[in-house]
There are 2 protein chains.
Amino acid sequence: MEIKDTIALLKSRGYRITPQRVAIIRILRDHEGHPGAEEVFRSAIQVYPNISMATVYNVMEVLEKEGIIRAIAVSKNSRRYDSNVKPHGHFICDNCGRVFDIPMKYYEACMKELPIELTDFEVRSLELIYKGTCSDCKKKPL
Amino acid sequence: MEIKDTIALLKSRGYRITPQRVAIIRILRDHEGHPGAEEVFRSAIQVYPNISMATVYNVMEVLEKEGIIRAIAVSKNSRRYDSNVKPHGHFICDNCGRVFDIPMKYYEACMKELPIELTDFEVRSLELIYKGTCSDCKKKPL
DNA sequence: GTATCTGCAAATGTTTTGCACTCCA
DNA sequence: TGGAGTGCAAAACATTTGCAGATAC
């Protein structure tokens, strides 16, 4: 999604367009991988030296709630964000922590596979998470 | 798996069989749902009033490492444990936090669906996580 | 006997909160 | 101008760690 479309969406939902929010949206769009809050903060502070982690978390929460980004629970205490909200899976390397996108062929099928007794459930998201060791980490002896 | 088999397995891997470990294994076997560390602790303390959270975490880590249980990242700071290690997915209710087991028909297929550029990756686990609202929570107005 | 395990308390790291100030609409 | 948003510092929270003493084998 274009930055101006994201901003228009937020505006239409009653959010104020602050420079910090715009900066973070831009950072996420320009970021290659799957940054965590800390990483977003480090980029944001270059633009707004006074920005705080609280604001980063605040903005990320808004963006997630509005479906503009997706949060990935990588491990016990660390979440990463993905600005690609189209259905796909993730491979998380237990060693280096990097996150890789994986296609998700069976998305539609998985969305329909809730057993009968759970038909009243409302599914809002579906996550497919592979964990293991990436090829780079496999090469390193330790 | 039978309790005595679990114990035999741990013993064969060089772990000591302490009464705390046996108690926790028993608690997990008797537990219906998907308890968190706190819940396991509350049960364990009935049997061993001196047991500490550190021990619970220690035991859970051993059990997870040895493939006896599975950890599920429910949300930012909360993990649940599942003593059913056969491939299946989970539905997590965003409202009440309960975890429901979901069959996973495409497990084998998903395990094989890594794209060519990721063929050197070693997959150790696969998680399918549905999130949304369970039927009970949908009934309650708020 | 001794290396592993436990229990305690303190530390860690991430995320959240309270509150005064700021600034977008 | 007024209320949503920010920044700060402190709090909250689950989880981890260091270490002395206990204990399985």
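Computed from a predicted model, the values in this text were never measured in an experiment. In what follows, chains carry the letters A, B, and so on, assigned in the order in which the sequence lines appear, proteins first and then strands, with residues in each chain numbered from 1. Side-chain atoms are counted along with the backbone in the values below, which use heavy atoms only and exclude waters and symmetry mates.
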Item to complete: Quantify the bending of the helix from C/dG1-D/dC25 to C/dA25-D/dT1 as the angle between its end axes, each fitted on five pairs, to 10°.
Response: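 Answer rounded to 10°: the end axes differ by 40°.
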Whole angstroms only, please: what is the [atom1]-[atom2] distance between [X] and [N]?
| X | N | atom1 | atom2 | answer |
| --- | --- | --- | --- | --- |
| A/Met53 | C/dG13 | CE | C1' | 10 Å |
| A/Arg80 | C/dT14 | CZ | P | 11 Å |
| A/Tyr48 | D/dG5 | OH | P | 16 Å |
| B/Ile51 | D/dA22 | CD1 | P | 18 Å |
| A/Glu61 | D/dA4 | CD | P | 16 Å |
| B/Tyr57 | D/dC13 | OH | P | 13 Å |

Is any side-chain nitrogen or oxygen of [X] closer than 4.0 Å to OP1 or OP2 of [N]?
| X | N | answer |
| --- | --- | --- |
| B/Asn50 | C/dT6 | no |
| B/Arg79 | D/dA14 | no |
| A/Thr55 | D/dG7 | yes |

Item to complete: Work out which heavy atom in A/Cys110 is nearest to a heavy atom in A/Leu126; give both atom names and the distance.
Response: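 Taking every non-hydrogen atom into account, CB-CD2, 3.5 Å.
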Practice prompt. Looking only at non-hydrogen atoms, find the nearest pair between A/Cys93 and A/Cys134 and report the distance.
Written response: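 Answer, listing the atom of A/Cys93 first, then A/Cys134: SG-N, 3.4 Å.
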Worksheet item: Within the side chain of B/His34, is there an N or O that forms a donor-acceptor pair under 3.5 Å with the backbone of B/Arg80?
Response: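 Not a single qualifying donor-acceptor pair exists.
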Worksheet item: Are the side chain of A/Arg70 and the backbone of A/Asp82 linked by a donor-acceptor contact shorter than 3.5 Å?
Response: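 Not at all, since once roles are kept as given, no pair shorter than 3.5 Å links the two residues.
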Worksheet item: Do A/Glu38 and A/Val56 pass the side-chain contact (heavy atoms from CB on, under 4.5 Å) test, and can you show the C-alpha distance, the side-chain angles, and the key distance before you say yes or no?
Response: CA-CA 9 Å; A/Glu38 182 63 33; A/Val56 172; over 6 Å; no
Worksheet item: Would you call B/Arg13-B/Glu66 a salt bridge at under 4.0 Å N-O?
Response: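 Yes.
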Worksheet item: Under a 4.0 Å N-O cut-off, is there an ion pair linking B/Lys139 with A/Asp120?
Response: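 No.
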Discussion item. So B/Ile129 and A/Leu128, do their side chains get closer than 4.5 Å, heavy atoms only?
Written reply: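 A/Leu128 vs B/Ile129: side chains apart.
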Discussion item. Testing the 3.5 Å rule here: is there a donor-acceptor pair between the side chains of B/Arg29 and B/Ser83?
Written reply: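 B/Arg29 vs B/Ser83: no donor-acceptor pair found between side chains.
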Discussion item. So if I take residues 10-44 of chain A and measure heavy-atom distances to DNA chain D, which residues fall below 4.0 Å?
Written reply: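 Residues of residues 10-44 of chain A under 4.0 Å from DNA chain D: A/Tyr15, A/Arg16, A/Thr18, A/Gln20, A/Arg21.
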